[in-house]
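Right, one structure below, let's go through it.
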There are 2 protein chains.
Amino acid sequence: MEDTRYKILLENFRAIHRQGFQSTRTDKVVAELGITKGAFYHYFPTKNDLGYAIVDEILCPMYTGIWVAFEQAESNHAVILEDTLKKYVHLLTDQDVQYGCALNNLTQEMAPIDAGFQARLKKVILSMHRSIEEGLKNGQIAGAFRTDFNPTQMAFFILSTIEGAFSVGKATRSKVIFEMGLMQLLEFVKTLRR
Amino acid sequence: MEDTRYKILLENFRAIHRQGFQSTRTDKVVAELGITKGAFYHYFPTKNDLGYAIVDEILCPMYTGIWVAFEQAESNHAVILEDTLKKYVHLLTDQDVQYGCALNNLTQEMAPIDAGFQARLKKVILSMHRSIEEGLKNGQIAGAFRTDFNPTQMAFFILSTIEGAFSVGKATRSKVIFEMGLMQLLEFVKTLRR
DNA sequence: AAAGTTACATACTTATTGGTATGCCGCAAG
DNA sequence: CTTGCGGCATACCAATAAGTATGTAACTTT
């Protein structure tokens, strides 16, 4: 049953999101599901491979999904961009902010010490960037945005600010502070309208 | 000799900055200095206490120092703010960006799993925020900045974007990408001038 | 129905790794 | 000059945690 594999994957993702990769004890996580080490190592050769699978199968689709609407927009680019930012604020709970951005967490912790994580996480980040960049470019062409900014740079700026708001929100354990970062970004993004 | 203690502190700070706290082996780090475990545990009761000392004695002064000029400015607020941002770009090497922001790294990794780190790192973040906020307020009063923005929110925004640029720079291992985030922030910050 | 394979469970192993116990040396106070 | 203490070095310890070896029930294939 692939069901067991997915349960292992998902529950470990949750644990890693909260406490980080290294301090997560995979056997204890699966034990809570009534599953043993045997099942874990049946599906994943090593703990790192579990981590890779989480990035590939959970993080990657999750994060690229956020920006797909903006990337593929054919009209109302500005509205969709602003709505996407608003979603960050509305969909997240207090706890979500305290746990931080799963992608950011994993990057900070694992990218420097493992090339497998590094490559995968970079891919996800660049994929998000590409989506934002595309949306900005299309919006410029469609006349939704001003054309006096560089979409590549602006996309990195937007991405950086979101990730940074998560960082600061996590550090202070405050959703309100997270929101301040995002709200200011939203105000700024409105000035990109034409 | 307090010299030994400081050497232990500094070398471990460097190692932790690069590979993170948990994966740093303190005994191996000090061994490179020709120092043994005995000396380490003579000065620090536990590994966590070393981490706390690093935050208190290295990170805290380092990061608050960055913003002290802006906080205490009596004139030219806008110029000093912009210069502070420029310093981030000019003073950092390619490697620095790859290693990421030491404060951010430690926060992401350790804040969720240890209350001692959490409290200390939060303090440093809020201290930086306070400096930026003060500078913005003073600049508004002095007529250097527009008054139609909220200094508290704006300070969190600036802080978030810087931290986020580090995150994205680290994830992509690219100083150029880090710079794009900061350069866009710089452009934005210029619009705050009155 | 025999043989093989999948999907696990249980028990064990082994390499860290943070931390401790102890000892020694030099120096300063009494 | 001897006693005590700060400043280490060395050797040892115990817990953990990733990973392995083995077993076995169910299911598939031939």
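In what follows, every chain begins at residue 1, and chains take the letters A, B, ... in the order their sequences are listed.
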Would you indicate, yes or no, if C:dT6 has its OP1 or OP2 atom less than 4.0 angstrom from a side-chain nitrogen or oxygen of A:Tyr43? no

Atom-to-atom span, CZ of A:Phe44 to P of C:dA7 - whole angstrom: 13 Å

Does D:dT16 have its OP1 or OP2 closer than 4.0 Å to a side-chain nitrogen or oxygen of A:Arg25? no

More than 12 heavy atoms of other groups within 6.0 Å of B:Lys175 NZ: yes

When we call it a touch if two heavy atoms are under 4.0 Å apart, what does A:Thr24 touch: a base, just sugar-phosphate, or nothing? sugar-phosphate

Atom OH of B:Tyr6 to atom P of D:dG7: distance rounded to whole Å? 19 Å

Letter per nucleotide, 5' to 3', of nucleotides 19-27 of chain D [B base touched, S only sugar-phosphate touched, - untouched; heavy atoms, 4.0 Å]: BB-------

Salt bridge (charged side-chain N to carboxylate O under 4.0 Å, His left out) partners for A:Asp27, two or more places apart: A:Lys37

Should A:His42 be listed as having a side-chain N or O under 4.0 Å from OP1 or OP2 of C:dA7? yes

Measure from NZ or CZ of A:Lys47 to the centre of the six-membered ring of A:Phe21 and say whether it is under 6.0 Å with the direction within 45° of the ring axis. yes

Measure from the ring center of A:Tyr88 to the ring center of A:Phe178 and say whether it is less than 6.0 Å. no

Output yes when at least one side-chain N/O atom of A:Thr4 is less than 4.0 Å from OP1 or OP2 of C:dC8, else no. yes

Between A:Asp27 (CG) and C:dC8 (P), how many Å, whole number? 17 Å

Supply the atom-to-atom distance A:Asn12 CG to A:Lys7 NZ, rounded to the nearest 0.5 angstrom. 13.0 Å

Between B:Ile8 (CD1) and D:dG7 (P), how many Å, whole number? 12 Å

Taking the six-membered ring for Trp, are B:Phe157 and B:Phe188 ring centroids under 6.0 Å apart? yes

